[in-house]
Every structure is written in structure tokens, then in C-alpha cells.
Asks: 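Please read through the structure below; I'll follow up with questions.
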Amino acid sequence: MTRRTVSSLAILLLAAAFVFPGKGVCAAAGEKYKRTIENYVIPDVTLVNQDGVKVRLSRLMRSKEVIMVDFIYTTCTTICPVLSAGFANFQRRMGPGPGDVRLVSISIDPDNDTPKKMKEYLKRYDAKPGWDFLTGSREDIEKVTRALDAYTPNKMSHLPLALLHSPADSRWVRIYGLIGASDLVAEYERALGR
Amino acid sequence: MKTPIVLLAGFSSLLFSFALNGPVRAAEDKPVVIAGVSRTEALRLGERMYREGILPSGGPMRAVVKGDIPVTGTAFTCLSCHLRSGLGSVEGGIVTPPTNGSYLYKPLRQLHKGIEISSAPVLRPAYTDASLADALRGGIDPSGRRLNEVMPRYLLQDNDMAILIFYLKSLSSQFSPGVSDTTLRFATVITDDVDPASRDAMIIPLEKFITYKNNQAAYYETRAGVRSARMAESMLLSPETAYKRLSLARWLLKGPPDTWRGQLEEYYRREPVFALLGGMAKNGWQPIHRFSEDNRIPCILPITDLPVISDTDWHTLYFSKGLYQEGEGAARYLNSIGAMVKGGPVLQLVRASREGRALSAGFQETWRGLGHQAPVTVTLRSGETATMDSLLKVLSGEKPSVVLLWDGPETLASLEAWASSGQRPEMVFVSSSYVGKGIWTLPDEARGFTYLTYPFRLPRDEERYTGAVESFMGMNKVQGDALIILKKVYSAVQVLSQALMDMKGNYYRDNLLDVIGTSMGAGGMDVAQDRTYPLYERFSLGPGQRYASKGCYIVQLTKGPGPELVKKSDWVIH
């Protein structure tokens with residue numbers, strides 16, 4: 001392959017990804033992330049969302065929709081941008097309307113992540129209703145991250161994780177590793193039993 | 001073809017532990033015009049692409065990440081991963097390598113103990129403009145390796161690409177001013193509104209630390225010190241860091257604040273410094289903050305209760321938001337206890353002073369942000385005491401249930417008057433920092449309804465830090481305000497020492513701020529890190545964060561002689 005062809009091919013691929021957001025261009029292979037099935041007990045804590053509204057986590061997690069959870073913070077490098085781009089893109093693919101999925105990002109830097117900062121963050125990713133960003137006391141966040149096996153004391157070494165829960169099944173799908181768009185949609189469909 | 005996405009940090013540090021020991025000139029040629037614009041304009045536009053994700057046309061940059069997730073520049077930019085200095089980051093086991101010209105336009109070799117050996121195998125040949133464009137568009141590096149898909153593939157026209165590449169070549173390409181072969185220059189700014197005792201409490205330990213560092217460097221150069229020097233070298237990825245001397249100039253500012261800028265510029269013209277360290281001002285840091293911001297000079301942890309409150313400014317790193325943060329704490333506390341103040345309105349009594357205004361701004365902005373109506377605000381002019389009569393007059397008979405009394409030592413007179421009048425609000429909030437020592441003599445009758453914003457760890461829990469700080473700084477029996485200042489100086493020099501190691505000899509100002517952001521970024525959930533710093537219950541930063549302490553306590557005084565503080569809230573209140 002010559003240089004020219006590399007770059008023009010790349011442009012084609014990129015352009016295609018924009019034009020047909022519904023179709024993964026280079027669908028990622030299954031082994032790119034680790035998928036396991038887990039049992040989690042959600043602690044009874046009350047967190048605060050980007051609008052300053054108190055949210056009882058256990059109730060939110062019992063919702064009738066598919067729930068997708070990740071752990072991020074507003075000033076994070078590398079991992080969070082990719083996770084959040086994934087969530088944003090997922091919402092776009094699901095189209096307008098609340099749909100049957102709720103996205104929940106939980107802050108692992110609760111001292112810095114105030115509702116105001118979280119709201120600005122969601123705006124940067126063009127988040128639509130149905131994607132909540134939660135913060136809370138350090139103790140409560142620790143309870144949640146421990147319960148969902150996402151605890152790292154140092155936020156800089158945090159885990160690239162996405163957790164999926166469908167109302168039809170009490171168990172959780174745990175996705176370790178940054179996941180591409182098509183794979184995320186596939187996991188969602190699978191959780192719905194489609 | 002498929003690379004595993006989660007690299008282990010150990011492996012990656014082997015791969016990317018390059019040393020950028022000196023500025024290498026990357027630009028092969030010096031065109032006057034880049035993609036049809038002047039060099040200055042190209043740098044400005046390139047910087048905007050890199051930092052803000054905006055194309056020269058004004059539209060957002062577009063890319064695809066993880067193979068099939070389209071993203072635009074409004075979500076994240078090169079800076080989000082490669083950081084402002086372009087020297088890269090490590091997070092969650094994913095290594096983002098540098099992306100400055102001097103790194104890219106040079107073959108990447110495997111390093112042995114941080115030292116580049118010319119015979120070591122080449123991991124990747126030097127980039128050229130063409131191969132760099134290919135990598136940014138198609139994700140293939142000059143060795144043919146496919147880059148991890150976390151690195152987005154960018155959709156860029158040739159002209160835009162040329163501008164971005166021109167910027168990357170200029171990025172961290174020459175050491176910042178204030179760096180010489182032997183010395184890293186700092187200055188500490190002190191304004192003449194600071195009393196001499198406080199000034200000495202800051203400057204003496206700070207200068208002592210500089211001398212200590214330099215003696216250590218000198219010792220490494222003696223025969224006896226060679227062994228310790230080896231140890232230091234093997235710990236530091238950039239061996240010369242151990243031998244670099246630090247210098248610290250005193251920049252004393254005199255007269256009215258509007259003349260400070262000129263004085264600062266003159267000091268800087270005579271002796272450019274790499275960064276400002278510590279420093280102290282009584283009547284606000286604003287003019288010095290602007291000087292740092294406009295000249296792109298970092299300022300590490302100045303001592304001030306009146307910092308500039310900004311979400312976007314980059315160069316000054318503060319201990320906290322100062323008095324503003326205490327006002328913020330009161331608002332968050334009231335909101336959290338649901339004190340939706342049954343009786344009357346929330347009333348702020350604000351002394352007409354910088355301190356009063358900072359407290360009131362912190363309260364008011366936070367309170368409104370939490371969805372409440374703005375409090376009724378009354379200004380107290382100098383000499384004026386707030387009595388219940390005057391309050392009732394303002395509120396036309398309506399009784400306020402919560403009063404925020406943002407006043408200095410004169411506060412005590414108001415509190416005493418209310419305590420004895422029998423007619424008083426349910427809760428009165430005052431700032432312990434602004435009221436000062438007098439708070440300990442608050443009459444018993446007022447303690448039940450007085451709530452204090454307290455920005456530090458409680459005295460009893462703080463005790464054990466004092467000895468450690470004094471012994472490190474070689475001081476003893478320091479008390480009162482001087483002890484608080486000493487502890488701040490201690491924190492500043494700890495942060496600096498760590499940063500000097502983490503910079504790995506890359507003496508770029510943005511790298512200093514980048515490494516502080518990432519290495520102090522442990523604190524989100526990390527109790528251990530908080531416990532290494534005195535004074536504040538939690539002390540941490542993250543990339544781009546500028547206020548290390550983010551909380552305060554709401555406390556009350558116990559009754560009787562020798563009162564203690566009792567916590568009414570968590571450190572950070574959500």
C-alpha cells in the first residue's frame with residue numbers, strides 16, 4: 001500500500017462513518033473487550049444528578065428500561081472521552097425520544113464534580129434526556145464503586161468499564177475495555193434478548 | 001491488525017520512556033507562509049485546533065474513535081489525551097504518547113533505564129509531514145503499525161492538516177524562559193499590604209527549602225555524594241534534574257494594586273522566571289493572576305483568601321477558592337439540610353469589603369445555582385453594626401430565619417446583641433476565617449444559633465501534622481497564623497518537588513502544570529493522598545483543576561470555657 005492510498009482510504013472510511021452512523025464501518029471483533037456476567041447488589045444510596053436532583057440509586061437501577069452504567073469524571077483524560085463519545089453516539093443511534101434505555105455515568109471524582117460541572121460536561125457531548133451523570137459523597141460513591149466492582153482508590157488509574165442491566169434479568173453484563181459503537185449496540189440488543 | 005486495547009502500565013512505560021532531554025529543533029524548513037496564512041496566524045489556528053477542536057474555518061473538527069464512533073471537536077480534543085504540553089498522559093492503563101514535533105520527528109528507540117542508546121532497536125522511524133498526516137488520518141505509523149483505536153482518526157483537509165502539523169512542531173519545542181543548563185528560576189511575589197510577621201512566616205521557610213535543595217544538588221557533586229547521586233539519578237528519569245539548582249527571587253510589590261502589573265513586568269524583564277512559587281497578598285491576587293495568565297507563567301499555590309474564581313484560566317494553582325468557597329459551603333449546607341427556611345427570607349448582611357463580597361458571591365452564586373431565589377442582601381458600611389432592629393426594618397417586620405453574616409471581627413458585636421435581645425434568627429452563619437480569633441470568645445448564649453464555615457481540618461485531627469511539617473521544614477514552636485502559613489509553604493514545596501521529578505527534564509511550563517494535574521489527581525477517592533497534606537481535609541487536583549481543596553466544614557462551638565468545634569457537615573457537601 002502506498003502512502004496516498006492509505007490516507008485516501010482512511011478518508012473514505014471516516015466519511016462513511018459520518019454518513020452512515022447506523023452501520024459500523026470496521027466492526028470491532030469480539031475479543032477487543034472482556035464480557036462477563038455478574039451479580040451485583042446495588043447499595044441504597046442517594047446521589048445527585050446534573051440538575052441537582054436527588055436520585056435514589058437502587059430505584060433508578062430497578063427501572064423498566066435497559067440501564068447502562070459507566071464511571072467517569074469531568075477532567076479525565078483518554079478513557080472518559082472515549083466512553084462518553086460511545087454513550088453520546090449510542091443515544092444518537094437510538095434516535096429521538098427517551099427509548100428503552102437509560103445511560104448512567106457515575107463520577108469517581110465526586111469532590112470536584114458538582115452538578116454544574118456535570119451539566120457542562122454532558123452538554124459538550126450533546127447528551128439528550130435519558131443520560132444522567134451522578135455525584136455524591138465520597139462514602140456513597142465508594143459504596144457504589146465497590147458494589148459494582150469498579151473501585152480504584154486513585155481516579156487516575158480507573159477502569160474502562162461499561163455495565164449493562166436489562167429488566168428481564170437480575171444479572172449484569174460487565175464490559176471491560178473501551179467498546180466500539182456497533183459492539184455496544186450489539187450488547188444492548190443482546191441484553192434485550194433480541 | 002487488532003491491538004489489545006488495554007495496555008499494562010508497566011509495559012507501556014518501557015515502550016514510551018523516552019527522554020526529551022533537550023529541545024530538538026523539529027522544523028526542517030522555515031516557510032514564511034503556512035497554508036496561506038502567516039506563521040503567527042498558523043500558530044494561533046493550530047493551537048485552537050489542538051486545544052478547542054475548532055477548524056480554521058470555525059467549524060468543529062471531526063474524527064472517528066474506536067473504529068466506528070464519530071466524534072466532533074466540541075466533545076474532546078488532542079489536549080484531552082495528549083495534554084496541553086503535548087507530552088502525553090497515562091490513564092486507566094492506556095498510554096498516550098507525546099505528540100510534539102521534537103518527539104515525532106525523531107526515531108523512537110527503546111530506552112535502557114531512561115537513557116537513549118543509539119544502537120538500540122528503532123521502534124518507529126522519524127515521522128515526516130506526509131507520514132504524520134497519514135497517521136492522523138488513517139492511524140498507521142511510519143513503521144506500519146496500526147495505532148490503538150483510542151487515538152481518533154481525523155478527517156482533515158490538506159490545509160488544515162498543514163496548520164495542525166505546524167503547531168505540533170512548535171509545541172514544547174524550546175524550554176520555557178527561566179531555564180538554564182544549571183538553574184531553574186522561580187520568584188515569589190509579596191505585596192506590601194502583608195504584615196512583616198506573615199511575610200517572614202512565608203519567605204523564611206520557602207528560602208530555606210530552596211537552600212536545602214541546592215545543598216543536596218551540591219552534595220551530589222562531591223565525592224562523598226556520588227552514591228546518593230546515583231540513587232537519585234536512577235529514581236529520576238532525567239538525571240540532570242538532581243543537579244539543577246533552583247533560584248528564588250523576591251518580587252516585592254509596593255503601592256496601589258493598579259501599579260502592580262507594571263512592577264511585575266519590570267521584575268520579569270530583568271530576570272525571567274520559569275514559574276512563580278508560593279507568594280502572598282492580603283488584598284486579593286487578581287492583578288498577579290492576570291499577569292500570570294497573560295504571560296503564560298505558572299504560579300504554584302500562592303497564599304491568599306481572595307483568589308480569582310475561574311473555570312477556564314490555566315496558570316495559577318490555588319489552595320482553594322478561599323472565602324468564596326466558605327460562602328459556597330454555607331449555601332450547599334443549607335440546601336442539603338433542606339432548610340427551606342419556613343419563617344422568612346434568607347438574608348445576607350455583607351460588610352463592604354473584599355472579604356465580605358467574596359463570601360457573599362460564593363453564597364449567592366451557589367445558592368442560585370441550586371435553584372433557590374437570590375437572598376435579600378444588605379450592605380454594612382464601615383462602623384455599622386447589624387442589630388435586630390435594623391434587620392427588621394430592612395425586612396419590614398418579616399423575621400428572617402437564616403442570616404448570613406459576612407462580616408469581620410465586628411461580627412461578634414452583632415451576635416452578642418442578638419443573643420441578649422431574645423429576638424433572633426434560627427441560624428446565623430459566619431466565616432471563621434473572616435471573623436478570626438475572636439470567635440473563640442463568642443458568648444455561650446450565641447453558640448447555639450451560630451454556625452461557622454471552617455475551611456480546615458478540625459484542630460484535634462490536625463495536631464499530628466504539625467510535628468511532621470515543622471521537622472521537615474526545620475522549624476519549631478510555630479503558632480497561630482504563622483503555623484498555617486508554614487503548612488501552606490510545606491504543601492507548595494511538596495507539590496513542586498514531586499512535579500520536578502515528574503517533569504523528567506522537560507522544562508516546559510505547561511508540562512509543569514500538566515504533571516501537577518495528573519500526579520495530584522489521585523485524590524478523588526484516595527484517603528491516603530489526602531493524609532499526606534496538612535491543613536485541608538482533602539487536597540487533590542486533576543487535569544486542569546485549579547483549586548486543590550474543594551470543601552469546608554460547617555461547625556458549631558461547644559458551650560463553656562475552652563470550647564471545641566463540632567462538625568455539623570461533611571467536608572464536601574453535595
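None of the values given here were measured: they were computed from a predicted structure. Throughout, a chain's letter reflects where its sequence line sits, starting with A, and its residues are numbered from 1.
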Asks: Output the option from A:D113, A:L159, A:T135, A:V48 having the highest count of non-hydrogen pairs under 4.5 Å with chain B.
Replies: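 Most heavy-atom pairs under 4.5 Å with chain B: A:T135.
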Asks: Please look at B:S89 and chain A and tell me whether the side chain, the backbone, both or neither of the residue comes under 4.5 angstrom of a heavy atom of that chain.
Replies: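 Only the side chain of B:S89 comes within 4.5 Å of chain A.
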Asks: Where on A:F90 is there a heavy atom nearer than 4.5 Å to chain B: the side chain, the backbone, both, or neither?
Replies: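 For A:F90, no heavy atom lies under 4.5 Å from chain B.
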Asks: I'd like to know which of A:C76, A:S84, A:P115 tops the heavy-atom pair count under 4.5 Å against chain B.
Replies: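 Of the candidates given, the most pairs with chain B belong to A:C76.
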Asks: Indicate the atoms forming the closest heavy-atom contact of B:C81 with A:T77, along with that distance.
Replies: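 That closest heavy-atom pairing would be CA-CB, 4.5 Å.
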Asks: Measure the shortest side-chain to side-chain distance between A:L178 and B:V150 over non-hydrogen atoms and say whether it is less than 4.5 angstrom.
Replies: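 Answer yes - side chains close enough.
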Asks: Within the structure provided, determine whether A:D126 and B:T74 are in side-chain contact (heavy-atom separation under 4.5 Å).
Replies: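 Side-chain contact under 4.5 Å: no.
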Asks: Rounded at 0.5 Å granularity, tell me how far CG in A:D111 sits from CD in B:E537.
Replies: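 Reported to 0.5 Å precision, the distance equals 10.5 Å.
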Asks: Contact between B:R332 and A:T114 at the side-chain level, heavy atoms closer than 4.5 Å - yes or no?
Replies: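 Sidechains of A:T114 and B:R332: in contact.
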Asks: Which region of A:D51, side chain (C-beta onward) or backbone (N, CA, C, O), has a non-hydrogen atom less than 4.5 Å from a non-hydrogen atom of chain B, or is it both or neither?
Replies: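 Neither part.
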Asks: Go through the atoms of B:I573 and report whether side chain, backbone, both or neither lie under 4.5 Å from a heavy atom of chain A.
Replies: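 When you check distances to chain A, no heavy atom of B:I573 falls under 4.5 Å.
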Asks: Check this for me, if you would: do B:D311 and A:K116 make a salt bridge, where the nitrogen-to-carboxylate-oxygen distance has to be below 4.0 angstrom?
Replies: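 Here B:D311 pairs with A:K116 in a salt bridge, since their nearest N and O are under 4.0 Å apart.
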Asks: Can you say whether A:L184 sits under 4.5 Å from chain B via the side chain, the backbone, both, or neither, judging by heavy atoms?
Replies: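 It is neither, since no heavy atom gets under 4.5 Å.
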Asks: Could you tell me whether the side chains of A:S182 and B:D68 share a donor-acceptor contact shorter than 3.5 Å?
Replies: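 Yes, a side-chain donor-acceptor pair sits under 3.5 Å.
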Asks: Kindly determine whether A:D140 and B:H574 satisfy side chain to side chain contact (heavy atoms under 4.5 Å, CB included), including the steps that lead there.
Replies: CA-CA 11 Å; A:D140 285 345; B:H574 282 285; over 6 Å; no
Asks: Between B:E91 and A:T78, is any side-chain donor less than 3.5 angstrom from a side-chain acceptor?
Replies: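 No, A:T78 and B:E91 have no side-chain donor paired with an acceptor closer than 3.5 Å.
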Asks: Could you tell me the separation between the CG atom of A:N112 and the CZ atom of B:R546, rounded to the nearest 0.5 Å?
Replies: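 A:N112 CG to B:R546 CZ: 11.0 Å, rounded to 0.5 Å.
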Asks: Salt bridge (Lys or Arg N to Asp or Glu O under 4.0 Å), that's the test. Do B:D530 and A:R138 meet it? Break it down for me.
Replies: CA-CA 13 Å; B:D530 295 332; A:R138 184 192 272 182; 2.6 Å; yes
Asks: Grab the two heavy atoms, one from B:I69 and one from A:A85, that are nearest each other, plus how far apart they are.
Replies: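 Shortest heavy-atom contact: CG2-O, 3.5 Å.
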Asks: Just wondering, more than 12 heavy atoms not from A:E38 lying within 6.0 Å of its CD?
Replies: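 Yes, CD of A:E38 has more than 12 neighbouring heavy atoms, counting only those of other groups under 6.0 Å.
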Asks: Looking at side-chain heavy atoms only, is the closest gap between B:K66 and A:D183 below 4.5 Å?
Replies: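 Not in contact.
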